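Report on one structure; see the data block that follows.
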Amino acid sequence: MIWLALAISLIVATVLIGAWRVRQRAAPNVTVMVPVDLAPRIEAAARALASAPPWHAATQPDVPETAAAIEAALIANNPRRALEVAEAATVASPDSDVARIW
């Protein structure tokens, strides 16, 4: 009978100590600092993003012929194909600065 009382008291002590430790960790003293003008800045950024015209790199005047293929591969989430197209363009015209930049 003593063993049963000892086991129960050990279990109760373990649960109490565990609950105390969880309570100590769960309530850290943290100060969160937020700028006063954060909400207006976020609203202004969202408005600017929504009103900005879309940028299509392949429609710029000084891009190489393969820019549309590179852009399509990147939009299709195929970076390996975009790299292959870019490397092929660089190999085809190694002296072209525009192809190298792209």
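The figures that follow rest on heavy atoms only: side chains count, while hydrogens, waters and symmetry mates do not. We number each residue from 1, following the sequence as shown. Small disclaimer: the values here were computed from a predicted structure and weren't measured.
Note that CG of Asn78 is 12.5 Å distant from CD1 of Ile70, once rounded to the nearest 0.5 Å.
Pairs of residues two or more places apart, or lying in two chains, that qualify as salt bridge (Lys or Arg N to Asp or Glu O under 4.0 Å) and include a residue from residues 30-42 are Asp37-Arg41.
Under the rule for a salt bridge (Lys or Arg N to Asp or Glu O under 4.0 Å), the partners of Glu43 that lie at least two apart in sequence or sit in another chain are Arg47. Val91 pairs by the side chain to side chain contact (heavy atoms under 4.5 Å, CB included) definition with nothing, not counting sequence neighbours. Residues that satisfy the side chain to side chain contact (heavy atoms under 4.5 Å, CB included) test with Ala69, not counting sequence neighbours, are Val85.
A continuous path of ILVMFWY side-chain contacts below 4.5 Å connects Val32 to Ile42, so both sit in one hydrophobic cluster.
Between Ala82 and Ala73, the closest heavy-atom pair is N-CB, 3.6 Å.
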For a quick test of your reading: what N or O donor-acceptor pairs under 3.5 Å do the side chains of residues 3-14 make, sequence neighbours left out?
unit_1 : atom_1 : unit_2 : atom_2 : d
Ser9   : OG     : Ala5   : O      : 3.1
Ser9   : OG     : Leu6   : O      : 2.8
Thr14  : OG1    : Leu10  : O      : 2.8

